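To keep things clear, I will list the structure first and then write my remarks on it.
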Amino acid sequence: MDRLKVIVIGGGPGGYVAAIRAAQLGAEVTLVEKDKLGGTCLNVGCIPTKALLHTAQVFRSAKEGSICGVIADATLDFGKAQKHKQQIVDKLVGGVKGLLAANKVKVIAGIASFLDPSHIQVKCGGDTRVLAADRVIIATGSIPMMPPIPGIDVGQCIDSTGALGLDTVPESMLIIGGGVIGIEMATIFSTLGCKVGIVEMMSAILPMVDEEISGMLAGKLKKEGMDIFTSTEVESVIGGGETAKVKVKLQSGEEKIIQAEKVLVSVGRKIDTESLKLNKVGVRHERGRIIVDVYMRTNVSGIYAIGDCTGGSMLAHVASMQGEVAAENAMDKSVAFDIKTNPSCIYTDPETASVGLTEQQARKKKIEYIVGKFPLVANGKSLIMGSEGMVKIIADKKYGEILGVHIIGPRATDIIAECALAIGMEATLDELIGTIHAHPTVSEAVREAALAAEKRALHIPNR
Ligand code: FAD
């Protein structure tokens with residue numbers, strides 16, 4: 001029997017996972033990538049930022065080691081930090097290449113575009129070829145967005161990719177945009193000795209995060225010396241000298257000039273679907289963002305789309321999960337994508353992580369809920385690690401079903417997996433409480449927060 005021909009466009013965490021899964025299910029798979037395998041995530045996103053964050057954390061630990069009796073004279077070799085980052089990136093990109101080969105996925109370098117729903121043109125240098133497909137999975141991702149601010153193209157302005165490639169740590173950096181990427185970059189460069197300022201148009205940084213958690217994090221960042229200007233708009237940037245002059249309008253209406261050696265523009269990502277010629281095949285999109293259903297199907301039969309190019313939650317693990325779903329459906333199975341268990345993690349110091357509803361969202365949905373909070377000052381492992389924070393659980397008032405968990409504290413990004421599983425399984429507070437958590441771990445605080453929601457916390461007074 002002829003095998004189904006599946007073409008995947010884009011080799012990021014969405015595309016390469018979709019390609020592997022489709023191959024596992026017996027398809028003849030071709031993946032087209034115009035740049036590097038691994039996409040944004042491996043090359044200029046998740047992995048390089050976390051590698052530099054690791055350097056920053058080790059640097060901080062070395063400097064603060066005297067608290068627990070380790071006296072070290074820490075100096076930074078940023079060139080070596082960049083080399084370490086690149087080694088990890090290269091290793092992982094090589095790993096993706098190996099996995100695709102092991103699964104017999106054919107990889108073609110070039111820019112793909114549609115000729116019709118079952119024919120894809122691939123251009124590479126001067127060469128053009130046409131590939132036939134029974135199914136196409138689009139996974140072309142996103143690219144940094146530059147807002148139309150006068151002067152934003154001066155030499156000192158960089159995007160996240162530029163920041164990850166810097167040769168030296170600048171003396172000062174102003175970050176336009178207090179979202180996840182901006183705040184992680186702020187953490188890296190501030191910890192490494194740069195004077196960091198953040199300008200955010202909204203009334204708080206990380207506006208998508210539970211207000212109490214983002215407030216705690218903002219307090220910590222300010223304490224470490226960052227200047228945070230919220231409800232502040234950038235009016236223009238003037239380059240030219242050693243530093244750029246950024247004119248901002250503060251909440252009070254007053255105008256202010258902030259000077260910085262580098263200006264990191266981190267205001268969001270632009271969908272990268274322009275090169276696909278979607279209109280030729282009638283794939284529905286909203287200014288490039290491809291419209292899909294829960295099966296990751298577009299409006300055109302046989303064409304699926306996944307990951308950043310569909311908008312929504314622009315995260316690598318979402319892209320990969322959608323990749324598996326699209327591959328299964330392309331191979332005539334019926335699997336729906338469910339966002340309910342999607343964790344959002346911010347790799348600051350301390351980390352923050354959340355899954356499910358925030359209190360604000362629960363209120364908006366008019367859900368009757370209860371809240372359990374456990375401060376990490378009462379958690380032994382957090383104290384040992386020199387970090388504070390909180391676990392906050394939101395549960396349905398009647399049945400105790402866990403609706404949301406929000407954590408700020410050490411290892412939050414790992415601990416959140418337990419909470420995602422609980423939400424996925426529609427677990428209740430009692431089920432979480434009935435699960436024995438190892439001691440001493442930060443995860444004990446999750447159980448204690450569940451106990452607190454039932455006003456039976458053991459290590460804090462119940463109110
Ligand atoms: P991408 O990874 O963007 O891959 C798309 C690929 O398609 C690219 O390789 C591109 O070259 C290729 N392509 C585009 N058009 C064509 C074409 N016409 N023909 C052929 N190939 C094409 N997410 C997390 O979950 N955790 C994090 O910690 C995290 N940190 C991040 C930090 C930064 C600085 C950034 C920028 C992003 C971060 N993200 C993080 C987001 C994450 O990187 C993306 O959500 C993820 O990479 C999206 O995967 P994707 O497969 O949809 O697209």
Side-chain angles (χ1 to χ4, degrees), residues 44-45 48-60 63 74-86 143-201 205-206 218 220-230 232-250 254-269 347-349:
V44 290
T49 45
K50 276 59 195 184
L52 289 183
L53 273 162
H54 179 70
T55 293
Q57 275 150 13
V58 172
F59 190 51
R60 181 196 296 259
K63 286 200 301 185
T75 46
L76 178 71
D77 181 342
F78 193 59
K80 203 157 182 192
Q82 285 287 23
K83 225 183 225 168
H84 170 254
K85 176 203 85 180
Q86 201 52 47
I143 50 177
M145 182 165 72
M146 280 286 166
I149 296 171
I152 203 80
D153 51 357
V154 302
Q156 287 101 341
C157 287
I158 52 174
D159 58 21
S160 58
T161 305
L164 289 169
L166 288 172
D167 296 335
T168 54
V169 176
E171 295 261 313
S172 56
M173 180 183 279
L174 184 71
I175 300 178
I176 304 178
V180 176
I181 295 174
I183 297 300
E184 288 187 357
M185 291 289 186
T187 303
I188 295 173
F189 288 100
S190 169
T191 311
L192 297 181
C194 171
K195 172 72 187 159
V196 171
I198 302 163
V199 177
E200 168 57 52
M201 216 165 72
I205 58 163
L206 303 168
K220 177 88 187 344
L221 300 181
K222 281 181 192 165
K223 215 165 129 190
E224 281 174 9
M226 292 185 209
D227 296 323
I228 301 180
F229 304 93
T230 50
T232 299
E233 246 177 88
V234 176
E235 295 189 323
S236 62
V237 183
I238 302 161
E242 291 272 291
T243 57
K245 295 180 183 63
V246 182
K247 192 168 161 195
V248 301
K249 192 171 179 189
L250 302 172
E254 186 195 331
E255 285 184 333
K256 180 181 169 76
I257 301 276
I258 305 171
Q259 297 205 33
E261 190 183 325
K262 292 285 175 204
V263 178
L264 168 58
V265 184
S266 177
V267 294
R269 310 260 310 160
Y347 297 77
T348 38
D349 192 2

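None of the values given here were measured: they were computed from a predicted structure.
Residue Lys249 holds its NZ atom at 12.5 Å from CE of Met201, rounded to the nearest 0.5 Å. The distance from atom CG of Leu206 to atom CD of Glu200, rounded to the nearest 0.5 Å, is 8.5 Å. For the atom pair Met226 CE and Leu221 CG, the distance stands at 4.5 Å (nearest 0.5 Å). Atom OG1 of Thr348 is separated from atom NZ of Lys220 by 8.5 Å, given to the nearest 0.5 angstrom. To the nearest 0.5 Å, the span separating CD1 on Ile143 from OG on Ser160 amounts to 11.0 Å. Taken from CE in Met173 to OG1 in Thr243, the straight-line distance is 14.0 Å, to the nearest 0.5 Å.
For the pair Phe78 and Leu52, the tightest heavy-atom approach, listed with the atom from each and the gap, is CE1-CD2, 4.3 Å. Among all heavy-atom pairs drawn from Leu174 and Ile258, the shortest one is CD1-CG2, 3.9 Å. Across every non-hydrogen atom of Asp349 and Gln57, the tightest pair is OD2-CG, 4.4 Å. Nearest heavy atom pair, residue Pro147 against residue Ile152, reads O-CG2, 3.5 Å. Nearest heavy atom pair, residue Phe59 against residue Thr75, reads CE1-C, 3.9 Å.
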Show every donor-acceptor pair shorter than 3.5 Å between a side-chain atom in residues 233-242 and any protein atom, with sequence neighbours excluded, or say none if there are none.
none

Could you pull out every donor-acceptor pair under 3.5 Å between side chains of residues 175-194 and any protein atom, sequence neighbours left out?
unit_1, atom_1, unit_2, atom_2, d
Glu184, OE1, Lys50, NZ, 2.6
Glu184, OE2, Tyr347, N, 2.9
Thr187, OG1, Ile183, O, 2.9
Thr191, OG1, Arg60, NH2, 3.3
Thr191, OG1, Thr187, O, 2.5

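Residues Lys195 and Asp227 are paired through a salt bridge, judged by an N-O separation under 4.0 Å between the basic side chain and the carboxylate.
Judged as a side chain to side chain donor-acceptor pair (under 3.5 Å), and not counting sequence neighbours, Thr49 has no contacts. Under the rule for a side chain to side chain donor-acceptor pair (under 3.5 Å), Glu255 has no partner lying at least two apart in sequence or in another chain. Looking at residues two or more places apart in sequence or on another chain, you find no side chain to side chain donor-acceptor pair (under 3.5 Å) involving Lys247.
Looking at Asp159 and Val265, their side chains never come closer than 4.5 Å, going by heavy atoms from C-beta outward.
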(request) Any chance you could lay out the side-chain contact (heavy atoms from CB on, under 4.5 Å) test for Lys245 and Gln259, step after step, and finish with the verdict? (result) CA-CA 5 Å; Lys245 295 180 183 63; Gln259 297 205 33; 4.0 Å; yes
(message) For a side-chain contact (heavy atoms from CB on, under 4.5 Å) check, start with the C-alpha distance between Leu76 and Thr55, then their side-chain angles and the critical distance, and finish with the verdict.
(response) CA-CA 9 Å; Leu76 178 71; Thr55 293; 4.0 Å; yes
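Note on residues 167-179: no pairs pass side chain to side chain donor-acceptor pair (under 3.5 Å), not counting sequence neighbours.
Side-chain atoms of Gln82 and Lys85 form a donor-acceptor pair, as typed in the model, at a separation below 3.5 Å.
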